[in-house]
Structures are given as C-alpha cells and as structure tokens.
Amino acid sequence: QVQLVESGGGLVQPGGSLRLSCTVSGTIFGIYMAWYRQAPGKQRELVARITTDRSTKYLDSVRGRCTISRDNVASAVYLQMDSLKPEDTAVYYCNKYPKTWSWGQGRQVTVRS
C-alpha cells in the first residue's frame with residue numbers, strides 16, 4: 001500500500017507564495033504524478049501533472065503561477081505556487097495520474113488577507 005505524505009501549505013496573503021512537498025513510500029519511477037485540490041463544497045480537481053520525462057500540464061487557472069516538479073530518487077513531488085489568489089484556497093493532494101492510489105491527508109492552503 002503506497003502512502004502519500006504531503007507537507008507545506010498553510011496561510012498566506014494574496015500574492016504570496018507557498019511550496020508543497022509530497023513524499024511517496026514507493027517508487028515513482030515510470031509514473032506520472034500530479035497535484036490535485038479540493039475546495040470546500042467542490043469536487044477534487046487536477047491542478048498539475050508531470051510525466052516521466054518531466055513534461056508538465058496545468059489547470060488553466062494556475063498556469064503561469066504554479067510549477068510542478070519531481071525527484072525520482074527521493075520519490076518526491078513538489079508544487080511551487082506563486083501569486084496566490086483567494087480562489088486557490090483548498091486542500092491540496094498529490095497522487096499519481098491518471099489512476100490514483102489511496103489519498104493522503106492533503107495539506108490545507110488558505111489564501112486570505
């Protein structure tokens with residue numbers, strides 16, 4: 001059973017930055033990885049994904065403000081978020097893409113003044 005542990009996040013003012021990290025208990029070699037988020041009252045959505053050759057794709061609303069990266073040796077995935085907006089407030093999760101493992105706890109990101 002793969003375990004996902006997200007870290008980082010927290011409270012930030014609009015325009016601020018945060019970095020999320022995710023460590024995976026198993027290997028991520030050969031696996032597409034992604035960050036997802038779920039805002040209150042909304043369905044979980046794909047924020048960004050990164051392929052095995054580090055090609056990336058982003059949700060339209062975060063493109064240009066977020067950067068996903070990976071470290072296969074460390075079995076880790078990262079999400080750098082800049083120019084944060086209140087609408088980015090959500091619980092953020094990492095997982096593989098497109099079929100997911102069981103979800104981790106996620107990390108709360110709150111953007112407000």
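This chain uses plain numbering: 1 for the first residue, then up along the sequence. Bear in mind that the values here come from a model prediction, so they are computed numbers and not experimental data.
The only member of Gln108, Arg37, Gln38 that meets side-chain contact (heavy atoms from CB on, under 4.5 Å) when paired with Tyr92 is Arg37.
The two residues Leu46 and Ala34 make their nearest non-hydrogen contact at CD1-CB, 3.5 Å. Here the closest heavy-atom approach between residue Ile68 and residue Ala48 is recorded as CD1-O, 3.7 Å. Residue Arg49 comes nearest to Thr51 through the heavy atom pair NH1-CG2, 3.3 Å, listed as atom of the first residue, atom of the second, then distance.
If you check the side chains of Asp53 and Ser55, you find no donor sitting under 3.5 Å from an acceptor.
In this structure, CD1 on Ile31 lies 9.0 Å from CG on Asn72, to the nearest 0.5 angstrom. Interatomic distance, CD of Glu6 versus CH2 of Trp103, reported as 9.0 Å (0.5 Å rounding). Here OH of Tyr93 is found 12.0 Å from OG1 of Thr100. Values are rounded to the nearest 0.5 Å. For the atom pair OG of Ser69 and CZ of Arg19, the computed distance is 5.0 Å after rounding to the nearest 0.5 Å. Summarising the geometry, atom OH belonging to Tyr58 is positioned 4.5 Å from atom OG1 belonging to Thr67; distances are rounded to the nearest 0.5 Å. Between the CZ atom in Arg112 and the OG1 atom in Thr89 there is a gap of 8.0 Å [rounded to 0.5 Å].
Tyr78 and Val47 are members of different hydrophobic clusters when ILVMFWY side chains are connected at heavy-atom separations under 4.5 Å. Residues Trp35 and Val111 share a single hydrophobic cluster, defined by chaining ILVMFWY side chains whose heavy atoms lie under 4.5 Å apart. Leu84 and Val91 are assigned to two separate hydrophobic clusters, defined by single-linkage of ILVMFWY side chains at heavy-atom distances under 4.5 Å. Grouping the Ile, Leu, Val, Met, Phe, Trp and Tyr side chains by contacts below 4.5 angstrom, directly or via other members, places Val62 with Val109. Leu59 and Met33 fall within the same hydrophobic cluster, defined by Ile, Leu, Val, Met, Phe, Trp and Tyr side-chain heavy atoms under 4.5 Å apart, directly or through other members.
Side chain of Ser21 to main chain of Ser7: no donor-acceptor pair is present (N/O by atom type, distance under 3.5 Å, no hydrogens or angles). Side-chain atoms of Arg107 do not come within 3.5 Å of backbone N or O of Val5 as any donor-acceptor pair. At distances below 3.5 Å, at least one donor-acceptor pair connects side-chain atoms of Asn95 with backbone N or O atoms of Trp101.
Proximity of Ser17 to Val12: side-chain heavy atoms (C-beta onward) are nowhere separated by under 4.5 Å.
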**Report entry** Residues Met81, Asp88; criterion side-chain contact (heavy atoms from CB on, under 4.5 Å); working and verdict
**Finding:** CA-CA 9 Å; Met81 301 187 291; Asp88 295 318; 5.8 Å; no

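Relative orientation of the Tyr97 and Tyr32 rings is parallel, given thresholds of 30° and 60° on the angle between their planes.
Within a 6.0 Å radius of CD in Gln80, more than 12 heavy atoms belonging to other residues, nucleotides or ligands are found.
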